[in-house]
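This chain uses plain numbering: 1 for the first residue, then up along the sequence. Quick note: numbers below take in every heavy atom, side chains included, and nothing from hydrogens, waters or symmetry partners.
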Amino acid sequence: MSQAERLILCVTTGRSGTALLADLFASLDGVVSLHEPEPKFSHVMRAAQEHPEVARRFWQLAKLSVVAATRVPIYVETSHLACKGFIEPLLEMGIVPDLVLLQREMRDVALSLYELNTIPGRSPEGLKFCLSPGDAHVLALPGWEKLHDYQLCYWYCLETARRAKLYAEAVQARGGAVATLAFTDLIAGRNLARLFDELRIGVTPEELERAVVATQKVVNAKKEHKQRSGAEIQAQLQTFESEVTARVAAGRLSEPPPAVPGQGRPLLSSLVLSWNRADLLRRTLASLTRTMAVAHEIIIVDNASTDGAAEVVRDFVAHTPTAKAIYLRENLGGEAFNLALACARGDLIHLSENDLEYLPGWSERVVEAFTHFPDLGQLSLFGPVPTDDEAWSLKPCSLVHARGRVLYRAEGNVGTPSVLPRRLFDAGVRIQNSPAVVGLKMPDDHALSAAVQQAELLVAWNDHYLVRNLGHSITEFNGRPDYYQANYRAKSWLGEAGWRERIKAWEGRSRPFRRSFLFPSEPLCAEKTAPTAECPEPQLWSMFDGWSAEVETLEFLYALVRLLKPKQLLETGTWHGFAAAAMGRALRDNGRGHLTTLEIFPESVEVSRRRISELGLGHVVTVVQGASLEYSPAMELDFILLDSELNLREAEFRRFMPALARGATVLFHDTSQSHTVVQDGIQNLIKSGIALEGFFMPTPRGLFLARYAGMQRPDNNDAIR
């Protein structure tokens, strides 16, 4: 903000005409006046109570740039959230706002909050929008947990009045303007000239008249949202208020909660949404703490569970210093995540449901992904292909990579269990309930991923599963059939019929034993290629990633080199060095031979060289950085694997053909029906008179194995079997 601009904020309880006050200022020339614009204070208010640096970051990273972009002499924001920890950081930064102290009778405000069930420290709306007696540096209210809802509302009014006095003194001491306006004057259009005079805003008679007209609107009473009547407690109000006043008078300002030894600001905030299924929740929480390896906090929201899950949460929080919980009286569905968001302090926000089992290394892999991909906006904890015990379908995606790390760009949404950068939520992204679900409140993961994509950030699946998806297993479906039947029946895009089709497909699926004797420590997942006529069950194969050859193909390469014992080998498209390592191990075991492998991407060269070195294969494998069509072999080749860019395979063979020994083994990878350019290239070679005596293997991505027999009469296709 430049020095010529003025920022006017409001100090009030809410339920006091703040929207009307915004309209009043908006009637003036040269003023932008808004009620609760994005980015909203409510997005981070709850976290700011425990950690004031959150409020400072909110101003610096989100709010001030929006204010400055309006380019007006006066910017007014009348949100009642500003006085909940957001004025202090402004003053510390040397920015002095002007204040409007909007006042209303405490009993009227407290009753209104009570009737709306906006209970400080207790109800979802109260947690989101109000201060809590459990916050730091507020009026102490001993035993508040057992007080009546109305008493908490009345305490909130006392606390706001205290803050109004302190903020007014601090702003005036720094030269800022402070004006006081009563709710009754606002709705009657009275004393507006005095208001503008106290704020040092010169107005013309025409502007003053417009301001009076602007107040002649119906104040939003939210009658349709009121959940109960205050009439039932009218006779007790004086007693309730006196008890609160006495308790406050006997206390002091509350202190911040004690710091947890060894815990600074967390890098990762894990937000766990819980509703019933207590047994799964117990597994989720236990695995979460067992595998967490970065600075973190865990915030659990119990969505009004009825099966003992809330007791699981209480026990977990009691024994876990990094955990806290929010207990709801009603099931808010996916929107309950937003209450935990308001408390979260981490730079990365991890959304978890209560049916996941976390695997070792997951948190480190998440942090690594966000470090390697600066534009990563949402990372799923699932891989692109369902696990063998999961009744789910293939996810459309495309591979992306950076510094040796592989992710899969999602074509659609990636589900709720995911990790997102905090800046998205600071910018206003929130979790919604899905409108496509009837009768149940579920997170709208479609809307969440769409919001990330609209921010021009990457939405991605991880390269392999970082969790066990317990809630999609056949064991779980069979154990709780009524629960899942109702769950899927409510999903309009799938329905109960679609769910049963998935189960049927899973029951008819073969389940291979996934392992690799070549790379036993590497995580494997099912092959991601879609079924074709030539390979109708591609998920029987396994993969490391979508660009390295299938695990079975790698093991075939090892066996082939072990069997044929070639002397000079050439590979194009090293990628991450899996095929080079497979052939290199065979050469080492053979006791002779050398492989030269070509790769154009420097990052991939670094990864493959490291792999070759770690496996002790440097004496039999040389990784060369450069374009394949610019490389000239120094010796005669008796084995060649072409596995680089698809449209280069034919040209590569023609370039290296003069160096091929008669009888050399030739392999083309990626010859499936989905890669017709490679198939067409091989046919072109045959038609031009090159003798390639071989056949196509119906693997998921396709493999052509041949023997080079020199030249033959053109158009003789008998060489392809």
Starting from the C-alpha separation in whole Å, work towards a yes-or-no answer on side chain to side chain donor-acceptor pair (under 3.5 Å) for S418 and Q378.
CA-CA 6 Å; S418 58; Q378 184 181 20; 3.0 Å; yes
With sequence neighbours left out, the residues meeting side-chain contact (heavy atoms from CB on, under 4.5 Å) with E636 are A661
Can any side-chain N or O of [X] pair as donor or acceptor with the backbone N or O of [Y] at less than 3.5 Å?
{"X": "T553", "Y": "A549", "result": "no"}
{"X": "T291", "Y": "P360", "result": "no"}
{"X": "S608", "Y": "H576", "result": "no"}
{"X": "R422", "Y": "L348", "result": "no"}
{"X": "T532", "Y": "C535", "result": "yes"}
{"X": "S674", "Y": "S672", "result": "no"}
{"X": "D670", "Y": "L703", "result": "no"}
{"X": "R409", "Y": "L407", "result": "no"}
{"X": "Q679", "Y": "T671", "result": "yes"}
{"X": "E353", "Y": "T416", "result": "no"}

Between the side chains of [Y] and [X], is the shortest nitrogen-to-carboxylate-oxygen separation below 4.0 Å, so that they form an ion pair?
{"X": "E603", "Y": "R403", "result": "no"}
{"X": "R649", "Y": "D643", "result": "yes"}
{"X": "R611", "Y": "E522", "result": "yes"}
{"X": "R585", "Y": "D589", "result": "no"}
{"X": "D426", "Y": "R57", "result": "no"}

Neighbour count >12 (heavy atoms, 6.0 Å) for atom [atom1], [X]:
{"X": "E552", "atom1": "CD", "result": "yes"}
{"X": "K491", "atom1": "NZ", "result": "yes"}
{"X": "R609", "atom1": "CZ", "result": "yes"}

Would you say [X] and [Y] make side-chain contact, with heavy atoms under 4.5 Å?
{"X": "W547", "Y": "F578", "result": "no"}
{"X": "F337", "Y": "R430", "result": "no"}
{"X": "L617", "Y": "R588", "result": "yes"}
{"X": "D444", "Y": "N413", "result": "no"}
{"X": "R423", "Y": "D347", "result": "no"}
{"X": "R283", "Y": "L356", "result": "no"}
{"X": "E550", "Y": "S542", "result": "no"}
{"X": "T597", "Y": "T622", "result": "no"}

Next item on the list: Take N684 and R654 through the side chain to side chain donor-acceptor pair (under 3.5 Å) test and state the conclusion after the steps.
Entry: CA-CA 11 Å; N684 291 338; R654 293 185 185 277; over 6 Å; no
CD of E555 to OG of S516, rounded to nearest 0.5 Å, is 4.5 Å
What about [X] and [Y], are their ring centers closer than 6.0 Å?
{"X": "H472", "Y": "W506", "result": "no"}
{"X": "F704", "Y": "F695", "result": "no"}
{"X": "W499", "Y": "F477", "result": "yes"}
{"X": "W461", "Y": "Y408", "result": "no"}

Mind running side chain to side chain contact (heavy atoms under 4.5 Å, CB included) on L420 and L448 for me, showing each step along the way? CA-CA 10 Å; L420 304 93; L448 179 59; 4.1 Å; yes
E476 meets the salt bridge (Lys or Arg N to Asp or Glu O under 4.0 Å) criterion, sequence neighbours left out, with R480
**Message:** Quick one, D389 with I474, criterion side chain to side chain contact (heavy atoms under 4.5 Å, CB included). Give me CA distance, side-chain angles, the key distance, then yes/no.
**Reply:** CA-CA 7 Å; D389 61 352; I474 297 298; over 6 Å; no
I'd like to know whether S363 forms a side chain to side chain donor-acceptor pair (under 3.5 Å) with H296, so could you lay out the CA-CA distance, the side-chain angles of the two residues, the decisive distance to 0.1 Å, and finally the verdict.
CA-CA 10 Å; S363 60; H296 69 281; over 6 Å; no
Q: Go through the side-chain N and O atoms of E652 and T572 and say whether any donor and acceptor fall under 3.5 Å apart.
A: yes
Looking only at side chains, do Y465 and E390 share a donor and an acceptor under 3.5 Å apart? yes
**Item:** Stepwise side chain to side chain donor-acceptor pair (under 3.5 Å) test for N462 and R365
**Value:** CA-CA 9 Å; N462 192 51; R365 294 290 286 178; 5.2 Å; no
Does R701 make a cation-pi contact with W541 (under 6.0 Å, within 45 degrees of the axis)?
no
